[in-house]
Amino acid sequence: MRSPPTTAWTTLDNAQLTTDDVHNILGHVHDDLWVVSACVDRVLNDTPTQRALLTLGISRTERVVERCNDIIALAAPSQNTSPNASRDALRAHFQTSPTDALLCHLRHVLLHRLDRLNTYVEMETHFPQNDEIQVDEVDDEWEDDPWADGNTAVSNKTTPPSSSARPPPLTLANFFQNDILWSACKLASLEALEALRVLCQKHSVTLWPARFKVLDCIPEHTHPSLCRGLFPSLEISSNKEGIWNEDSWRKVQDISELPGIQEAIQVHISSLPSIESNEEILFTSIANPLTAEELCMWYKNRVNLVMRSTGMIDIALAVVQHGASQGIPQLDELGEELSLLSRLVYDAPQGSSVDDDWTLDCWYSMDPIAVVRAYLAHSTTDSIAQDIPHLVMPYLFVLEARAERAGAPDPSLPTRILHEYILSTSLELAAAIFNASKPTLPSSQRIIKDDEDMARLALALLYGSDSLTEWATMSSIFECLPVWDVAKDEDGNEEAADTTVASLGTFVTPSTNQRPCTAHDLLLFFQPLPYASLSKALDILDVHLESGEILSRWSVPAPLRWFLQSSGDAKEQKAWANRMARRAGGKDDRLNGIEDWEWLLKDMRKLTGGGDPNSRGAFCLLSKDEIDNIFLFGLLSSGNFDIAKTMVFGPHHKINLSQEIIESVCLSCSREFYDNASSGNYKFGDMKLAYDCLDVPHPSEAIMRERNFIEATSRICSFNVPSKHGLTISPLEIRLTKDRLNLISRVISSNTDTYKHTQVILELSNKLGYAGDSVAEVKVLAMLADTALQVEDFSRARENNERMVRTVMKLRHETSLGTDDERVKEASEVCWIACYQLGRQQEYNDLPQKMTLLGYALQLCPADQINDVLTAWRKLEKENIQTREEKLQRRRTGDTIMSPRKVDTVPGNVASSLRARLQDFHVPSPPLLSTPDAAALASRTFKSVAANFPFAVGHRARSQASDADERTSPRSESSRRTDGEDVSSQASRAFSKGIGWLIGADEGI
């Protein structure tokens, strides 16, 4: 038994439905409402089956259409009838027959679906087709490929294309079930623009208010040429947006679509659910056409959106071009900007890694010079000559045209900006630009077309550069500059050039109150110069470039601006010449032989310009002799003394200087080596260089003094004399010591046995510059005697004292002024104090020698000190008499039988001298110094004597006996000494302290 048609229909799945099923099943159902509802209920993706459903459903609603037409005809028999009569009649009919109302509603749905079906069918022809994959042809010679698979047929024909199914951007079911705007936005986002164009054409009434929402869904990277007919255009006649042409499927509305019918239907089916499940899309409805200004703003916003989201300048430019082709105004300037920006991104040379993200905002933020630098950021010396005409000049001409359109013409703008770039670029790129601007080239091919501009730019660029190495590049720039034939009557302009160069020298000199000058600043100085003055300035530049190359060759490069700064400063030129002479022979760049040194001398003389200050050479203010002097010093400072001798005294000598200058230079160089020496040993290091440097000049007294001083320094350092800071004394400290006898003192005090080598110390004193100085000899002997006294070597102390006496006597005899001479007084004072000190030393047991020493002291001391010395001498005399009496008594008692021997307490010559001094000096009794005033007088006297020594007052260690005597009060009854003896003891202690400092005693006064 067959099932009813309704059951058969409901059991079929949408995917199983065919056209035959529609006709065979639904065609036999007599219930129109059920059939129409079944047609509305099914939404298929199969186009023929869906069309059959829609056609069948619409055909089953024809009778309700006829009934509605009859009702309308009856309700409106004449023209005077109210327009709402038909609506009211239909409402009454639908109220009595709701089935007809529902059928009218379903007919309306089916008709709209049929329109969409027709639209979909036409859109489907524009959907992207299946991708075809084609295999390349196989070469004939590989037809017999032995490694080919045996089951694979190899031929030279194209393999059949293999299809891969590509789903359509929009299915028919989705197109039916969703709103037209949703479908339009979906097609726009998927770039199915041809299908979108069909949709907008067939449903323009629906989509027109939401057209800009649809356009916003088109991806920003989509080329505007694909959007023809979609992007807005301008209607010239109305100066407003062009409206889409309406091309709907049905020109006449169906009765079910009439507004009156729809109102009547809505009364009865308002509670029914909507057949379409629309996805809500929010948009701003714009029904009226936009004005020209609004269209321009839309295109600009589209351009900004493209730039922000993709950065694709070519697409943004195409949008502007498309808008211009559609008649949109005010896009010219934006098109210019994008065209110039596209040149920067696509035509300008790019680096190895493109990290720049160019946007319109970035482009608008740059000033013209920044844009020019961006165009040429990756240009090379080979490409910049082509990049400037093709990239930079069009941009500059656009700026000039804009200024003219704005009413502020500036014909110099391109030239000014180009010059600014040249002054700020590297020397290598600038050289390429100057090379492409040679005056020998045709004017149309030159980058810098004016000769005077070339000269000014070159002068400003080169003098504003701080480069120290690119001399070949700077010379290549100079070689590109023009050469003018200046008439003689125009030579007066040279003064302007000289004045400008002199002013520039002041201007480029560093100052604390102004920023360093740049090439742009220097251009202001050259701007007013005519070509004649420029020609002179270029001549000066030529000299400076040559000088710069020479200085660079000898490792003392200077920027070109230095030649301007030093053009009137002889001191600065001399300092640089010293650097040149010294650096060339430095340890890191030592010259190989005499040929190199002769080359250096030739270059240094060349830089003087023959002694002509107007030559503008680096050393134009220095004479030839000054240069030779500086060169010789540099040669000596390198340690090449043999080369120096050859160049100064050789048969083909190159240096003609006087003997005095040569000697002075050698002494200065030797002293510099000396001051830099870390060791005083003249057998190696800088001290050896200082010593050997003195072999270059002819021997002289000054040379011998310096040699002796170096030998003395070496000897002093060999004693490891400590400095004031606790370290070993340095040569520089030795030279800076004003009183070099202090060095003798420190040598003696730093070594315990030094005092034994009297002759060595005296020779050291002579080499320190005291040769023939008797006073210095006496002082040195006093130091040695005092040191011997401290270690109780009385024999050497006595020998040194006697040698002092002989030296003082000889000095007195040789000095014409006698004892009134200050030097004689100084020597005598040191001598008598030393003799007095040893003569009164209690530990010294040789009584005759002590009396002899006191005799020397009496002979040499001042008149006001004779009482003190005589008191000590009389004490010794008393002890001598007592000793002689004791010996005589022992002989008388028979203890000792021996011949009596006369003791000469004082040598004859000393005794006679003493008698002569004492004849006119009546000395009272020995207690002369017993009064306090006399004691104070003696104390002041000996303190004065100690203060006149060439060293500060100090203290030396004393023997136990001496200490014991000091602890005994001079006024005590138990004292074994007289008041006069106590005063002498105080003087002795003062003298001991003075001499004691000399050997480094720690205790102070």
Side-chain angles (χ1 to χ4, degrees), residues 184-185 188-189 191 193 196 200 207-244 282-347 356-368 370-371 374 394-395 397-399 401-407:
C185 293
S189 64
E191 294 186 274
L193 301 181
L196 176 62
C200 293
L207 294 177
W208 172 258
R211 61 193 180 282
F212 292 107
K213 178 63 177 180
V214 176
L215 295 179
D216 289 343
C217 294
I218 298 176
E220 289 79 9
H221 63 265
T222 304
H223 199 280
S225 63
L226 303 176
C227 303
R228 64 185 184 278
L230 296 176
F231 279 3
S233 61
L234 181 67
E235 184 67 35
I236 302 300
S237 59
S238 62
N239 199 31
K240 290 186 177 181
E241 181 185 4
I243 301 176
W244 289 348
L282 300 178
F283 69 96
T284 301
S285 177
I286 304 176
N288 297 325
L290 299 182
T291 62
E293 291 75 13
E294 292 173 334
L295 290 175
C296 177
M297 184 57 63
W298 184 88
Y299 273 95
K300 289 182 178 179
N301 291 337
R302 178 73 182 185
V303 167
N304 291 329
L305 182 62
V306 170
M307 291 295 297
R308 285 196 300 269
S309 60
T310 67
M312 300 174 67
I313 303 173
D314 55 340
I315 299 298
L317 180 60
V319 170
V320 174
Q321 292 171 343
H322 180 83
S325 67
Q326 299 301 313
I328 309 300
Q330 302 176 9
L331 294 179
D332 295 340
E333 185 172 346
L334 179 58
E336 284 180 348
E337 299 289 358
L338 289 173
S339 178
L340 295 171
L341 181 56
S342 66
R343 286 175 175 265
L344 172 61
V345 175
Y346 301 117
D347 298 339
D356 296 332
D357 185 14
W358 292 105
T359 62
L360 274 177
D361 293 337
C362 179
W363 173 265
Y364 285 133
S365 67
M366 294 193 299
D367 56 359
V371 173
Y395 168 72
F397 291 148
V398 168
L399 294 183
R402 286 182 185 173
E404 188 173 355
R405 290 197 301 266

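Any value given below was found using the heavy atoms of this structure, including those in side chains, with hydrogens, waters and symmetry copies removed.
Partners of S238 under the side-chain contact (heavy atoms from CB on, under 4.5 Å) rule, at least two apart in sequence or in another chain, are E235, K240. Every residue was checked against the salt bridge (Lys or Arg N to Asp or Glu O under 4.0 Å) condition with E220, not counting sequence neighbours, and none meets it. Applying the side-chain contact (heavy atoms from CB on, under 4.5 Å) rule to F283 yields the partners L181, A210, K213, S285; only residues at least two apart in sequence or on another chain are considered. Residues satisfying the side chain to side chain donor-acceptor pair (under 3.5 Å) criterion with Q326, sequence neighbours excluded, are absent altogether.
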Checklist entry - Would I218 and F231 count as a side chain to side chain contact (heavy atoms under 4.5 Å, CB included) if you check the C-alpha gap in whole Å, the side-chain angles of each, and the deciding distance to 0.1 Å? => result CA-CA 10 Å; I218 298 176; F231 279 3; 4.1 Å; yes

Checklist entry - So Y364 and E337, side chain to side chain contact (heavy atoms under 4.5 Å, CB included) or not? Walk me through it. => result CA-CA 9 Å; Y364 285 133; E337 299 289 358; 3.9 Å; yes

Item to check | Pair L344-Y395, side chain to side chain contact (heavy atoms under 4.5 Å, CB included): steps then yes or no | outcome: CA-CA 10 Å; L344 172 61; Y395 168 72; over 6 Å; no

Checklist entry - So E241 and R211, side chain to side chain contact (heavy atoms under 4.5 Å, CB included) or not? Walk me through it. => result CA-CA 12 Å; E241 181 185 4; R211 61 193 180 282; 2.9 Å; yes

Next on the checklist: What verdict does the salt bridge (charged side-chain N to carboxylate O under 4.0 Å, His left out) test give for E333 and R405, after you've listed the backbone C-alpha separation in whole Å, the side-chain angles of each residue and the deciding distance to 0.1 Å?
Outcome noted: CA-CA 11 Å; E333 185 172 346; R405 290 197 301 266; 5.5 Å; no

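In plain terms, the two heavy atoms of P219 and S189 that are nearest each other are CG-O, 3.6 Å. Minimum heavy-atom separation, L334 to V320: CD2-CG2, 3.8 Å. Nearest heavy atoms, P394 versus R343: CG-NH1, 4.5 Å. In terms of heavy-atom proximity, L399 sits nearest to P368 at CD1-CB, 3.7 Å. When all heavy atoms are compared, the tightest approach of A184 to L196 is O-CD1, 3.5 Å. Heavy-atom minimum distance, L234 versus G327: CD2-O, 3.0 Å.
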Return a table of donor-acceptor pairs under 3.5 angstrom between the side chains of residues 286-298 and protein atoms on other chains or two or more places apart.
| residue | atom | partner | partner atom | Å |
| --- | --- | --- | --- | --- |
| T291 | OG1 | E294 | N | 3.3 |
| T291 | OG1 | E294 | OE1 | 3.4 |
| E294 | OE1 | T291 | N | 2.9 |

Donor-acceptor pairs under 3.5 angstrom involving side-chain atoms of residues 303-319: please list them, not counting sequence neighbours.
| residue | atom | partner | partner atom | Å |
| --- | --- | --- | --- | --- |
| N304 | ND2 | K300 | O | 3.3 |
| S309 | OG | L305 | O | 2.7 |
| T310 | OG1 | V306 | O | 2.6 |
| T310 | OG1 | M312 | N | 3.2 |
| D314 | OD1 | Y346 | OH | 3.2 |

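Not one N or O on the side chain of S339 forms a donor-acceptor pair closer than 3.5 Å with the backbone of E336. With hydrogens and angles ignored, the 3.5 Å screen pairs a side-chain donor or acceptor of S342 with a backbone N or O of L338.
With values rounded to the nearest 0.5 angstrom, L193 atom CG is found 12.5 Å from H223 atom NE2. Annotation: the span from M366 atom CE to W358 atom CH2 amounts to 4.0 Å, rounded to 0.5 Å. The distance from atom SG of C227 to atom CD of E191, rounded to the nearest 0.5 Å, is 8.0 Å. Taking CZ of R302 as the reference point, atom CZ of F212 lies at 12.0 Å (rounded to 0.5 Å). Distance check, rounded to the nearest 0.5 Å: CD1 of I243 to CH2 of W208 gives 5.5 Å.
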